[in-house]
Every structure is written in structure tokens, then in C-alpha cells.
Amino acid sequence: MEHWFTDIAQALVNWLMGLGLSAGWADFVLLIVQWLCIVMIVTINVIILIWLERKVSGFIQLRLGPNRLGPYGAFQTIADAIKLLTKEDIIPSRTDKWIFMTAPLFFIVVSVMLYAVIPMGDGMQVVDFNVGLLYFISIGSLSTICLLMAGWGSNNKWSMLGAMRAVAQMISYEIPLAISLLGVVMIAGSLRLSDIVVAQGNIWFVLLQPIAFITYFIAATAELNRGPFDMPEAEQELTAGAYTEYTGMRWALFFLAEYTNLVAVSALCATMFFGGWQGPGLPSWLWIIIKTYLIMLVFMWMKWTFPRIRMDHLMSFSWKILLPVSLANLVLTGFGLEFFKWMGWW
Amino acid sequence: MLQTDQYIINIGPQHPSTHGGLHVEALMDGENVVDAIVHLGYVHRSIEKIAESRTYPQFVPYASRLDYLASHLPTLGYCQAVEKMMGIEVPERAEYLRVIMAEFSRISSHLIFIGSMAIDLGATTGLIYCLRDRERIMDMFEMTSGQRMIASYMRIGGIAEDVPETFYAAARSFLDDLPQMIDEYNGLITGNEILQCRIKGVGTLSAEDAIAYGVTGPNLRACGIDYDIRKAEPYGIYDRFEFDVPLGTKGDSWNRYIVRLEEIKESARIIEQALDALPQGDIRTKVPRVLKPESGWEIYHRIESSKGELGYYIVADGGNKPYRLHVRAPSFINLMVLPIISRGGKLQDIIANIATLDPVLGESDR
Amino acid sequence: MDVFNLEAMLQELQQEMGEKLEIDEDAFFTYLKIDAQDLPALMETLRQRYGFNHLANLCAVDYEEEFELVYHLYSIPDNYKVAVKVRVSRNKAELPSIMDIYPTADWQEREAYDLMGISFQGHPNLVRILLPDDFAGHPLRKDFKKEG
Amino acid sequence: MYGKGLLKGLWITFKHSFEKKDLVVRYPEQMPHLQERFRGSLAFDFEKCIACGICIRNCPNNVLSMETAKDEDSKKKKLMQYTIDLQYCMFCNLCVEDCPTNSLYFTHDFELSQFHRDDIKRVYHRPPELDQQEAAQKTSDQDTQTAADDKKEKQLRAMINAINKNPQKVLARVLDGEEQVEVLAAVLMADEKKLARMAEMMITDKEKAKKVALAFVKKELKEREKGGDQ
């Protein structure tokens with residue numbers, strides 16, 4: 001159980017080298033296989049997630065959610081995907097065509113790139129960067145550009161407003177997000193995600209860094225454009241914000257990307273604060289799945305409970321509350337660490 | 001200094017949060033609203049013209065369709081206007097049942113208000129809980145009149161049918177559960193800090209402006225003016241009931257919301273008293289089959305609808321059809337202040353303001 | 001103002017306005033009938049001196065040769081009521097706007113313009129409100145051709 | 001504390017998500033619970049209708065219309081066809097309320113959508129059974145009618161005979177004074193029509209007969225007086 005996936009990978013490399021490939025080429029082929037696996041994981045996850053989101057919202061709202069297609073409506077998402085795939089791809093005449101058409105592609109590519117560094121189990125990491133966290137944050141912030149592309153390219157005022165909101169919001173929340181993670185980095189002493197997981201062998205960082213966890217969680221919600229921070233989409237005000245003009249598969253790609261981001265950010269949350277793949281009994285890859293899904297459920301729960309915050313409150317909340325708090329937490333962590341070292345407890 | 005152009009953004013008529021076909025043309029400066037122009041008429045059905053070719057009793061179902069969220073109230077106002085003009089007395093029992101139905105309508109309309117405000121502010125789930133509870137009122141309407149929303153239950157000279165036995169139990173159990181429901185709204189919606197930030201101090205309307213612009217109903221009372229037609233000029237048997245008029249202080253969206261929430265409780269009080277005092281007897285007086293008010297008779301009758309002062313101005317010409325029927329629609333006149341309270345706010349405040357002014361477009365466009 | 005007295009008010013008004021003002025009554029309202037050009041003055045007096053601050057209803061009635069404009073006034077919170085009636089001829093359906101006295105007349109006058117075709121002099125934005133801008137005719141007039 | 005309201009809201013939604021989900025009716029499989037008075041579709045019972053037209057006059061939206069034909073024999077309106085154009089129906093109940101024979105009523109059928117506009121219209125043609133029934137009714141009616149007529153005729157003849165035979169005794173039933181009876185007898189004997197009328201009235205309506213008899217006598221007496229004067 002525990003080493004299924006790593007064993008399979010090892011076997012593949014061995015087999016390729018047995019065929020006469022050099023070690024470098026064998027690794028390259030493995031990388032491609034891993035990418036394909038990630039795409040598969042992402043797709044499966046999104047299918048499950050959309051179903052889950054609808055079920056959760058249904059249950060919260062005293063409804064049953066999808067319940068017609070398959071057991072408990074499990075095939076509903078697949079039917080929806082087929083519907084979206086076969087829909088006409090409308091490109092409005094006044095759009096900036098190339099930007100309009102490529103925005104969803106960029107978005108999905110950026111989202112999938114996030115998975116490169118996430119430790120999906122013991123030794124199950126595509127690339128174990130020594131600056132993995134930095135990579136994650138910087139790639140994650142690229143999605144802002146994709147939303148801006150979508151909003152700008154659509155040549156629609158709603159889309160434009162949504163895109164501008166997205167940019168303002170995501171840039172402002174990136175900072176508290178990064179700073180709140182720095183506390184964890186200080187304790188773990190590494191930007192390498194696998195190191196951070198190992199550092200939580202005895203105690204989860206959520207207990208050492210509760211303030212950082214809260215600020216991270218809030219900032220991550222804003223980063224993901226999920227309720228109550230779904231400003232770029234804000235269906236009550238902006239109809240569908242940056243996605244207003246999109247139809248069919250392009251629109252679906254945006255959703256795919258959003259849910260991909262959701263999984264990635266939740267997985268990072270589990271990695272940084274909840275001990276990553278570590279856990280008793282079950283195999284490591286199962287543990288991270290369980291943790292990630294629990295965190296995602298909380299995201300959904302929040303989305304379906306809270307009203308949307310106002311744009312200016314959102315900005316002032318980020319700059320006036322979240323940023324100072326996360327900075328204070330950083331300073332506190334620093335002092336705490338020094339204190340512990342001075343006392344000789346570390 | 002950075003200079004940005006102003007631009008126009010069209011909220012509606014097809015838009016997720018415009019309560020029907022409302023079209024607001026907002027002149028924006030970034031996220032700030034410079035001005036808002038309201039365009040109406042997307043639900044215009046020319047009901048006033050229709051009335052001129054329908055007999056007096058035939059207009060009742062059309063009146064139902066004015067404020068379809070509280071359909072007993074516009075029909076009540078219309079029937080009372082005709083009765084007042086003709087000098088028709090309504091039997092006691094019918095009067096009481098009318099009050100019960102009207103107040104249930106008010107509750108159901110306010111529940112929709114709370115729910116739609118929640119959903120307009122992004123809290124989708126709030127709507128569902130309000131609808132769940134409104135459903136019980138709808139069931140009661142179905143029980144009594146046979147229709148859920150557009151009941152056309154009032155008749156000139158009384159009501160259409162007596163209530164069935166099952167109605168009393170349903171009404172009592174609804175009233176018993178009401179405090180619990182309101183607790184839930186308070187927990188989910190009222191108490192939510194994000195929502196409070198969204199509507200507190202937003203869309204403030206001064207008392208002077210409110211009166212000058214003819215704003216009535218909960219929107220006027222939110223400004224702190226104690227003016228409820230049920231108290232000021234009691235119609236029907238409203239002078240027999242004991243109830244308070246909830247008042248706001250600032251006239252902002254938050255006050256408008258709270259006033260309506262409190263009004264639900266007051267309506268429940270009225271219903272309880274009416275149920276206790278409900279006499280037995282006729283539900284409809286004998287009214288001539290063809291109603292012919294004399295030529296030159298005219299009347300302006302107004303009631304406190306869930307949205308405000310709902311008035312009917314009827315001119316008779318001696319025939320069996322009204323010569324002229326004008327509906328003074330509270331939603332129509334309340335919407336006039338939307339630009340005033342939205343100016344200088346944010347885009348999202350327009351949505352909140354529309355939601356808390358609580359217009360129903362069927363009534364405002366007629 | 002002291003205790004409001006409708007009789008006293010009517011007498012005062014009658015004295016001031018003289019023959020221009022005609023007072024009529026039925027079971028529900030006291031009607032002040034006046035010519036179009038004196039309307040703003042009367043409205044101003046009613047609002048300022050007698051505290052009729054709530055213009056509840058403004059509407060027009062088509063009486064073949066003439067249009068009658070009816071203004072139902074109430075005072076908040078004292079709740080006194082009076083109605084003002086103005087007749088204008090069909091050929092020249094014009095009268096002064098009272099929007100600067102009662103801002104609430106804004107949309108109601110636009111509605112009367114839209115549906116009845118009465119033009120209010122001095123209204124800053126007298127355009128159709130319920131019907132589309134390119135609509136021909138005024139549907140509430142009795143001579144408007146209708147179906148059904 | 002800031003955030004308390006948020007947590008409370010979360011708790012409420014959390015509680016509700018584990019509630020039993022029985023609020024939503026799973027419609028096509030499960031029919032909604034309709035109240036007894038629910039107004040679904042308007043339906044019409046042809047046999048009960050007396051073609052009075054109150055429903056049509058009451059309808060605000062010209063939904064209802066009917067075709068009638070004059071029955072040659074009884075001069076009664078006969079309903080041939082009744083149309084309910086449901087697409088304009090407001091379900092306001094005004095027609096049903098005033099129908100004197102309850103031939104219009106609302107059913108609980110609420111699935112009213114159709115593919116074509118024409119299908120929405122409900123046309124009720126006169127069922128042929130109804131005509132057959134009516135015809136049968138009519139013949140039996142006629143039979144009873146003739147029998148009754150025969151009976152009446154016999155009675156009348158008997159009465160006339162009786163008056164002819166014994167005027168004093170029979171006419172005493174309507175008049176008191178002997179003198180008056182004599183005068184009346186004289187009048188009736190003189191005029192056969194009057195005799196037949198009086199006989200008929202005596203069978204059907206004694207009060208009227210009394211009045212008429214008195215009038216006859218007075219008139220006769222007056223004429224006699226006049227005659228005497230001359």
C-alpha cells in the first residue's frame with residue numbers, strides 16, 4: 001500500500017533503463033508520465049469536487065443536490081462536461097481574439113503547474129525543489145494575469161470590472177498569504193516542502209502557528225476567488241465577472257482551473273499546517289487526500305454560508321488587518337524562536 | 001494625477017439581482033457610482049387601461065398581479081376602495097379573515113425581502129431558509145384560496161371562500177414556529193458581520209428626503225418617521241388590533257432590513273389577535289351582480305401594503321366598469337430615491353440598495 | 001402651526017385666492033379646484049403653511065374635452081388630507097410642474113406624460129417612463145385604439 | 001467579538017446540512033401534495049351545463065366561449081360546444097364561483113404545458129349520448145303530457161255537465177247568496193265560453209273562480225240595471 005506509486009515509478013525507470021535508455025532519458029520519460037498522472041488526478045478531482053460542491057451546497061440549503069444521474073448523482077458532472085464540450089464556442093466579434101481565446105488555456109496550465117512541488121505522499125513529489133514554497137507562491141500568482149487576460153480580452157465592462165477586481169484582490173492578498181507562510185518556514189528552517197512535512201513529525205504547525213493558519217486560510221480564500229471573496233465573479237453584481245463572455249469548453253476550462261487551484265491550495269494548506277502526508281495507519285497518499293478534502297469542505301462550507309464582502313472592505317481588510325496581523329505573527333515567531341533557542345528548548 | 005474616464009454600466013434588465021425587469025444605468029468612476037438612472041417599464045402590462053374594460057369584480061385578479069409577492073394586499077386595497085365608494089359593509093368574519101390573509105401576505109413578502117437581500121449580497125443560503133418558511137404561508141394560501149401566489153381571494157363585499165378547518169392549525173403552528181425562524185435568520189443573516197458591513201451606513205436616506213420623495217412603508221419608517229397607514233388612517237378593522245410600528249433611526253439599508261424583520265413579528269401579533277377574535281358568520285355580503293357606482297363618484301383609498309402606501313384612485317361614470325383606475329404603486333415611488341441613495345457609493349451598494357428598497361416590478365410597472 | 005383646522009384653512013384659502021379657487025366636497029375628500037397657472041402657488045401654500053408634505057398620488061383622468069389632474073395630499077404625521085384638481089383642455093394639455101415643491105412628482109408627472117400625454121412645464125426630464133421611447137400615442141387616453 | 005456572527009452562521013448551516021432532506025418534492029416520480037382547493041386546470045362538465053352564460057360574462061380575460069343552438073321544439077338554448085382557452089386563463093375562480101350548476105370546476109391537474117398553442121385550447125363538443133338521452137326524455141315527457149291532457153279534458157267536461165245539470169248546487173261552491181248564484185247561472189248558460197272558463201277555474205283555482213264569479217255577477221247586475229233604466 002504505502003509504496004505502490006513509488007514502486008511503480010521505480011519499476012518504470014528500471015524497465016526503461018533495461019531497454020537501454022540512459023538514466024537522464026529514463027527520468028525524462030518518467031516526468032512525462034508523472035505529468036499525465038497529474039492531469040488525470042486533476043481531472044478526476046475536479047469531477048468529484050464539482051459534484052461535491054453541488055452536494056454540499058444542496059445539503060446546506062436543505063436540498064438533495066444532484067441525484068438523478070448515477071448513484072447519488074455521481075455522473076452529473078460528467079454529463080455536464082459532455083454538454084459543455086459539445087456546446088458552441090462563441091467568440092464575440094469585438095473581443096481581442098487571441099487574448100480571449102488563450103486566457104483559459106493559460107489559466108489551466110498555470111494551475112496544473114502548481115502540482116509539481118506538492119508532496120503527494122512519502123517521496124511522491126514530481127520535483128522536490130529546495131525553494132518549493134517560493135515556486136508555489138510565484139506560480140500561483142500568475143493566475144492573476146490569466147484573469148486579467150480574460151477580462152480585458154472580453155471587451156465587456158462587467159468582465160473588465162471583474163478582472164480589475166481580481167488583480168487588485170489577488171495582489172493584495174498575495175502578500176499576507178506569503179508572509180503568513182513565512183512563519184512556518186522560519187520554524188521548519190526550509191523552503192523545501194518535503195522538509196516542512198518532515199518537520200511536523202511531532203507537532204502540526206497549525207498548533208504552533210494558529211494565527212498564521214487563520215491569515216493563510218483567509219488569504220487563500222481570496223486567492224482562490226471563492227466566497228465570500230468571489231469578487232472577480234460576483235454573480236449578483238457582475239453577472240459572471242471575468243467569465244461573462246465565455247461559453248462552452250472555454251468557460252469550463254476556467255472552472256477546471258479554479259477547482260484545480262482549490263485542490264492545490266488546500267493540499268498546500270495540509271502540507272504546511274496539518275503535517276502533510278504524515279499520519280498513522282493509512283498510506284501517506286491517502287492521508288493527504290483526506291486532509292485536502294477536509295480543508296476543501298471547509299472552503300465550500302464558508303462559501304455557502306457567507307455573503308460577499310464589499311470591494312473596498314476587502315482591500316482595507318487585507319491591508320489594514322491581515323497584513324499587520326501576519327507581520328506581527330512573523331515578528332512574534334522570530335522572537336519566540338530566539339527565546340526558545342536561548343532557553344535551550346529548541 | 002491619474003485620470004480615469006467615467007463609464008456607464010447597465011445593471012439589468014437581464015441581470016441576476018434586479019428583481020424582475022429593473023434596469024439601472026449606472027454612471028461609474030471605477031467602482032464608485034457617480035449617478036444612477038432608473039429605467040422602468042419592462043413589466044408594463046397597462047393594468048390601468050385593462051381596468052377600464054373590465055367590470056369592477058373582474059379587476060380583482062388583475063389587482064392580484066400587481067404585487068405578486070403579497071397578492072392579498074393589492075386585492076384587499078382594491079376591494080376596499082370599491083366597497084368604500086359603494087358603501088358596502090363587509091361581514092365581521094370576512095374582515096377578520098382579510099386581516100389574517102393580509103398580514104400573512106406581509107410576512108411572506110418580507111420573508112422574500114430578507115431572502116432576496118441575502119442572495120443579492122451573495123449569501124445564497126439565506127434565501128433558501130426564507131423560502132422554506134414562506135412555503136408554509138403559501139400552503140396556507142393554497143388551502144384557503146386554491147392558489148399559492150396570485151390568490152385573488154378577496155371579493156367585493158367579502159372574501160371568496162371561508163377558510164377550511166385545517167387552516168387554523170397551520171396558521172397557529174406557523175406563528176408558534178416564527179420566533180425560531182427569526183432566530184435562525186438572525187443567526188445566519190442579521191448577525192453576520194460581513195453582511196452588516198455591507199449594509200450598515202449604506203444607502204442612507206434622510207427623513208426629509210424620504211417625505212419629499214413620497215417614500216412610504218418600511219422604507220419611510222426606517223428613517224425614523226412613525227407613519228403607518230394601519231395606525232394613521234385605519235382601514236378595515238385595523239383599529240381593533242394592538243401592534244407597534246417598528247422604527248429605524250438612520251434610514252440606511254440596515255435600518256430598512258431591521259424594520260422589516262421587526263414588522264414580521266408585529267404582523268404575527270396581529271394575526272394572533274385576529275385568530276383569537278375570529279367570529280363566526282357570513283363571509284360575503286350580498287352584492288348586486290352588476291356593480292354600478294353613480295357617475296361622478298370617485299375615491300382614493302390607500303392601504304399599508306408590504307411595500308408602502310398602496311392607493312387606488314377610481315373614478316366611476318355610472319357604468320359597470322371603472323372610468324379611470326389609477327394605482328399608486330409604492331414600489332414605483334420608492335424606486336425614485338434609488339439614485340439619491342446610491343450616488344457616491346460603490347457598485348455593490350447599488351445592488352444592496354435595490355434589495356433593501358424592496359421593489360416589486362409587477363407593481364411598479366403595472 | 002397650531003391645531004389644524006380644515007375649515008379655517010379653506011376659508012383662508014378662499015379669501016386669498018378669491019374666485020380662482022373652487023371648493024368641493026364629497027364623503028372622502030375636500031377638493032380644491034383651481035386653474036393650471038395658479039397651481040404651483042396653491043401647492044406651495046399647502047405645503048409650506050399647512051404642512052401637506054406628502055403628495056400621495058398624482059394622476060390624470062381623461063374627460064373627453066378636458067383632462068383633470070388630481071393631486072392627493074396628506075400631511076405626515078398629522079394625517080390631514082386634501083385633494084387638488086386642475087383641469088386642462090385637451091388641445092393644450094399643459095400645466096406647470098410641481099416638481100420643485102414636491103420632488104415625488106417627478107416620476108408621477110412623467111407617468112402622466114407617458115400614459116396620458118400631458119406636458120408639465122418646467123419638468124427637467126419629461127420623457128417616457130414606462131413605455132419605450134419610440135412608442136406612438138398615449139394609451140390611457142380614451143381615444144387610444146386598443147385590442148382586446 | 002468580531003467573528004462571532006460568522007461562526008454562528010457556520011454552525012447553523014452545519015446543523016442544517018445533516019437534516020433529513022424532505023422539503024423538496026422529487027417531482028416527476030413524486031407528486032406534490034396539493035391542497036383540496038388547489039386550482040390546477042379548468043374543466044367542464046357538459047351534462048350539467050344549462051348554457052346560462054354567467055361564466056362567460058364573469059371571465060375577465062375572454063377565456064371561455066360557447067356555441068349554442070335553438071332547440072326547435074322547446075325553444076330552449078341548447079349547448080353545442082364549449083371552449084376553454086386555457087392559455088389566457090388567470091385561474092381566478094370567478095367563473096367557477098358563480099356557476100349555478102357546478103359544471104365548471106378546477107381539477108388538480110397542473111401539468112398544462114403543451115408543445116403547440118392549439119393544444120392548450122380545450123374544446124368540449126356536445127356528446128351524442130346527451131342528445132339521445134334528451135330525445136328519450138322528450139318522448140317520455142310527451143307521453144305523460146298527453147295523458148295529463150286527457151285527464152284534464154275529462155274533468156272539465158264532467159264539470160261543465162255538472163253545472164248544466166244542477167247550476168244551483170254546483171255554483172254555490174263559489175258564491176254565497178242564492179240570488180247571486182241564480183244570476184251567475186243565467187250568465188253562464190247564456191255564454192258557453194264563460195261556462196267553460198268558469199268550469200276550468202273551478203277545477204284549478206277556486207279562489208280565482210270566486211273572484212271571477214263575483215265580477216260576472218256584478219257586471220250582469222249593472223247591465224240589468226242599465227237595461228231597467230232604459
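Residue numbers start from 1 in every chain, and the chains themselves are labelled A, B, ... in the order their sequence lines are given, proteins ahead of strands.
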(Q) Tell me whether A:Lys157 at atom NZ has more than 12 heavy atoms from other residues, nucleotides or ligands lying less than 6.0 Å away. (A) yes
Q. Have B:Thr190 and B:Tyr257 got a donor and an acceptor in their side chains that come within less than 3.5 Å?
A. yes
Q.
Could you tell me if A:Thr247 and A:Lys87 have a donor-acceptor pair between their side chains, going purely by distance under 3.5 Å?
A. no
(Q) Can you confirm if the aromatic rings of B:Phe104 and B:Phe174 lie within a centre distance of less than 6.0 Å? (A) yes
Q: Can you tell which part of B:Leu195 gets under 4.5 Å to a heavy atom of chain A, answering side chain, backbone, both or neither?
A: both
**Q.** Which portion of B:Ile350 sits near chain A, non-hydrogen atoms under 4.5 angstrom
**A.** neither
Q. Which region of A:Asp312, side chain (C-beta onward) or backbone (N, CA, C, O), has a non-hydrogen atom less than 4.5 Å from a non-hydrogen atom of chain B, or is it both or neither?
A. side chain
Q | Residue selection (most heavy-atom pairs with chain A, distance under 4.5 Å) from B:Leu131, B:Leu127, B:Ile8 | A | B:Ile8
